[in-house]
Amino acid sequence: MRDARIATACFSGCPYHGAMVRSDQNLPGTEGGAIGFSDRLLAEAVRAIERDGAAAINEPSADARAVEVDGDFEHRVIVRARSLSIAAPLGEALRQVHHATAVIVVLVVLLAAGAGAATARALLTVDRQEPVNFFWVLGGVVGFQSVVLLVWVMLMLARPQILSTGSLGAVALGLGRRVTRILHKSSNHAAAVEATGAIMGRSSIGRWTLGAISHGGWLAFNVGCLVLLIIMLSTRHYTFTWETTILSSRTYMQLTRAVAFLPHSIGFPTPSAQQIDAAQWPIDSQVAQESRGAWSGLLLGSVVVYGLAPRLLLLGLCLDRSRRGRVRWRLDTTRPGYLRLQSRLMPQSARLGVVDDRPDEPGAEAVDAAERSPLRTGRPVGSPAVLALEMEPPASAWPPPIKGTSWCDLGFVDDGNDRRRVLEHLTAASTEPSVLVVVCSLTTTPDRGHRGFLDAVQREIGSPLGLVLSGGESLRRRGDAESVRRRVNDWRILAAAVGLPSQRVIELDLDHCTDVSLTKLAALLGADAAGPPAVRRIESAFDLIVEHVGRWPPIAEVKHQADLHRAIGALYRQDHSSWRTFLRAPVELNGDLMVPLRAGADRVVGLLPDQLRSSPRWLASGALAGALGCITAATLVSPAAIAALPMWSALGAAVAAVMKAFRPSGAAKSDDDSPPTEHRGDAIRAATLFALLLELQGKDEAAITRILEQAVDADDVIDAGSADSTRAWLDGIRHRLDVALAEEARR
Amino acid sequence: MRLPLLTAAVVGHTNTGKTSLLRTLTRDVGFGQVSDRPATTHHVEGTSVLLDGRTVMELFDTPGLEDSIGLLDHLDALAGDRRVEGIDVLNQFLQSADAWGRFAQEAKAIRQVIRSDIALYVIDARDRVLGKHRDELEILSRCATPVVPVLNFTADPDAKVPTWREHLARVNMHAVAEFDTVVLDEASEQRLYEKMRTMLDSHEQTLRALIQERRRQREALIQASADVIGDLLIDVAAHTVCVRVSNSQEAAGALQALRERVRVREQRCVDQLLELFRFRPDDCPLEAGALINGRWGLDLFSPEALKQFGLHAGGGAAAGAFVGVVLDVMAGGATLGAATAAGATIGGLIGAGRAHGRRLISRARGSTELRCEDATLRLLALRQIMLTRALLHRGHADMNPLPVPTSRRFSLPKRASPHLPLSLQQAKLRSHWSRLGSGADSTLRDSDPARQTAQGALARMIAAIVQRPSDADIEFP
């Protein structure tokens, strides 16, 4: 009976028991009720299931229920766990794990009681004629377990974390886990087992629970021992003695008195000095025969005081601590499995939406346009004027040095005073500037302030405005080519809004002034200022590209593309033989087309910088440029050669075959699948490459590759759908080409 | 306890990163529209910061004060020669038709500033101090609302922080915050809140609670990352593969399989870390050289990868094909010693004894074990630690890649440390702790409380390493 009670006491020390009881009262899935250990255990089990991201449970209804709760993150995690559909079976699994463990713990307790009884019996089973050595029996019953107890106490004080692993309790719980896994194979049970393991390993509950099991076991051992001792001493006749060879009887006397002190003080009969003395030779001594009761009392008293009592006290302590631990224990919400839920269950922000009082009223902008006064005319036209709007002085000279031009320098316009000064100057000046060039920095975002100023300036003068966008390199350093392109576009939109035609907006870097950029600037000033500007062939070539692409049908066939290439080639007709050799194109095409076309493609691809070669798009375009370049080179001089060519369809097939060889095998898209804009993109890139190569031929190959690397950005995507965007894309390349050429010249 | 609600208007010139600042402060990646184009925000858009589910701060994103020069002229014209308070002129302006017409956007922003407890004036520190900025500041100073200037993009080489500070001091704005929305630095966020606190006595508690909450969140994130890394390390350290010594082909096959499993496991750890920091692997904004589409560029078992982190492969057998993997021919003496150090309990000794018993038996049968060597474990740890550190400094506002520091900043370890942390030494003796491979008792592996304890101890250690101030101090024992 006592065994059973102790077993129960020990059993309730196990967290599973408490959890089980609570789970019964507080079924998973219900929201009400305070949060207890069982709920946290359930949340741990859910985390164990969700540990692998793939197994994450996504039940919006459970999340929603958790978010409704007015509590901290842990509370919400628990409410979510309770609201999941898996909660019920998981709770059941947890209960079964508890049962299995409880059974194992009870078995361990019973075994320990049996072991105690067996120990007592073994120690008292001696030759009936011989007296029993009292200290051997006492040592056997109390001595060993006292040593183990001492080790436990020392470890608990020194390194408590060790106790969560190596002890009698750990072995018992390990067995419990194994038994559960043998009995139940479902993933829920695995999660339940893991959850309990996690709690045991990560909190103090583990070591106190294991301690409770250990002490419970030893308590049972002592009880078994005591019961058997009482039975043996009641039903048999023992005479106790003590023996020594080298120690004095005084020592034994003192030892016995010391051992007897505590049992005596709680009322057990203990031997008197005379009885102790007599026990050394008990056979002959009448006193010894009569003191049997006292010795038995001492033995039982010692088991109670030195074995049973400390274990009982420690069991109580461990149970209390583990219960308190369970009450105090909180989920470690910093574990990844919980933290992942934070954005769902405990959002850190909520959007309020647009909170304007009134929507914009249309027509607000129209006021400006209506205000615009008719242009003032009648003043004589003077020299061109220039001003820099919100920008730092460029690295090169200011104002931009253009031969034969004397600027009217309006300086750097920064704040409102500057603006007023410029406007006053323009109003008061006796002459009208022939052109007013406004230089802006691309690092500045155009805004309505700029627009208002440009509008105001336009109201003051009758002469045209020119907008120069400088500082593209600084912007490019901050971001990618895409942001530069967008920024240029934003300025163009602003220019259009103040009525500037797009050709009066030019992009050139005043920090890196080149002859080309100055020529462009001179062109903006008008023919009378600097004479007819030299238009380079590359610019004509780019114009041709825009023009041809605009004429192409949605799907540009090889014939159309070849026409464009021939038109570009015609621009460079005077260097024909030189670039034909450079591109390694044959003098005439006949026989197997594939060989020369492939050679041409190889040649162009070989000239591409790595960055372009690693882009599938550019690789294809390079191959296309090479193949079409071959055809162009062979047919440019003698148009009769075109007649000698096979049908365009056959040529198209050959070009397609060459391109296919350069398409990465991974992109197994057949040519027919890709959208038409892709074809156009390829065609535009190919023509651009061809034009660039013709422009650059004559330089050494390393330099060409270097220049291409700078001029062409592999990530810059063309929107082949509209002429404007093609133009903008080509402008970007032309600008970077100028910068690259200037740098190359410096080398 | 209800904290007083704090409302803040975020103002600034167009395209200085107002929306990015809001995204960072609210940890809401999807808020508003971010681009480097002008006037992306046309309306006043609000978002609230929640603390334990309660709104404690409302932030309002305003359209840029684009035409500040024009507006200031307009306001001065309104005031005329009268001596009036700036706020009265502003109110007069807000009542006028212009507030709905020419200056509609500016009016929206100003209305919100007047209504709010505080205004955060965002400045692109790369810009020069221009007239329009001066006029913006002048207009804001008339709103009768405290203003905290926030210098953005301070990490950019073009940033002109001292110039800005000097100018702001000249217009009596001394509490200036620096806040780079690209490089997230928790200290600068805290400083921003502290600057706000100096101006807003009434909301002291709210701001203090926010600072604490942010610190807690960061610590939680570090703890969770360390837990993930600890899990990886224990899995890999405990993983051993038995091969027959005589059969070199089998050994080579097992070697390949082991490496592959470890690679996959590392990748899962990277994925978990990215998920914790709410990045998707394909848009992980880290520099391509180190992490490509959420994958490490250099193979774990390449000597270059070891070199990158200043580690050396183990001696002798580890050369050549066995880089990063040890052929554990006789694990006897050395590891038993480690076990004693690691276990220090009877239970530990029993465990180690069991492991060694099995090992001795398998050795007698002509088998031996393959496992990752210590250098590989260190490399795994260092790579994930550096990734975590990089992610911690990564704002969600901007999507340009940020480099994960590797070799260039690493010096070789000052001393060779022969021993791994205790938890890993324990793991090396307990192959059932590993989740790699498919052991028969695979469902039992995580339930061992000892594994949990070891992982916890390891995680605490890693968390401490992650929090070290300088990259140069990063070392895994």
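Just so we're on the same page: letters track the sequence lines, and every chain starts at 1.
With a 4.5 angstrom heavy-atom cutoff, B:D73 touches chain A only via side-chain atoms. Of the atoms belonging to B:L273, not a single heavy atom falls under 4.5 Å from chain A. For A:T333, no part lies near chain B; criterion is any non-hydrogen pair under 4.5 Å. Using a 4.5 Å cut-off between heavy atoms, A:H450 touches chain B through its side chain atoms alone. Only the backbone of B:V129 comes within contact range of chain A, judged by heavy atoms closer than 4.5 Å. At a 4.5 Å heavy-atom cutoff, the contact between B:H13 and chain A is made by side-chain atoms alone. Residue contact with chain A, scored on non-hydrogen atoms closer than 4.5 Å, involves the side chain of B:I69 exclusively. When heavy atoms are compared at a cutoff of 4.5 Å, A:S187 does not approach chain B at all. Within the 4.5 angstrom heavy-atom criterion, atoms from both the backbone and the side chain of B:R126 approach chain A. Heavy atoms of B:Q455 lying under 4.5 Å from chain A belong to its backbone as well as its side chain. Of the atoms belonging to B:L276, it is side-chain heavy atoms, and not backbone ones, that fall under 4.5 Å from chain A.
The nearest pair of heavy atoms linking B:D135 to A:G416 is OD2-N, 4.5 Å.
Ionic pairing of B:R134 and A:D415 is present here: one or more N-O contacts between side-chain nitrogen and carboxylate oxygen are shorter than 4.0 angstrom. We find that B:D227 and A:R202 are joined by a salt bridge, their nearest charged nitrogen and carboxylate oxygen being less than 4.0 Å apart. The residues B:D67 and A:R451 are annotated as not salt-bridged, no charged nitrogen and carboxylate oxygen being separated by less than 4.0 angstrom.
Rounding to the nearest 0.5 Å places CD of A:E194 at 8.5 Å from CZ of B:R451. Put simply, CZ on A:F73 and CD on B:Q217 are 10.5 Å apart, with the number rounded to the nearest 0.5 Å. With values rounded to the nearest 0.5 angstrom, A:T443 atom OG1 is found 8.5 Å from B:D158 atom CG. Going from atom CZ of A:R340 over to atom CD of B:E275 covers 5.0 Å, rounded to the nearest 0.5 Å. A distance of 10.5 Å separates OG in B:S68 from CZ in A:R448, rounded to the nearest 0.5 Å.
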(request) For the pair B:V49 and A:Q348, evaluate side chain to side chain contact (heavy atoms under 4.5 Å, CB included) and give the outcome as yes or no after the intermediate values. (result) CA-CA 6 Å; B:V49 176; A:Q348 297 175 36; 5.9 Å; no
(request) Tell me, with the steps shown, if A:M200 and B:Q452 meet side chain to side chain contact (heavy atoms under 4.5 Å, CB included). (result) CA-CA 8 Å; A:M200 290 286 173; B:Q452 297 279 352; over 6 Å; no
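Counting only distance, with no hydrogens or angles, the side chain of A:D414 and the backbone of B:L130 share no donor-acceptor pair below 3.5 Å. Counting only distance, with no hydrogens or angles, the side chain of B:T47 and the backbone of A:L352 share no donor-acceptor pair below 3.5 Å. For A:T334 (side chain) and B:A224 (main-chain N/O), no donor-acceptor pair under 3.5 Å exists by modelled atom type.
Chain B forms more heavy-atom pairs under 4.5 Å with one residue of A:G449, A:S343, A:P336 than with any other, namely A:P336. Put simply, of A:Q342, A:R419, A:H189, A:R76, the one with the most heavy-atom pairs under 4.5 Å next to chain B is A:R419. The most heavy-atom pairs under 4.5 Å with chain B, out of A:S349, A:A456, A:S441, come from A:S349.
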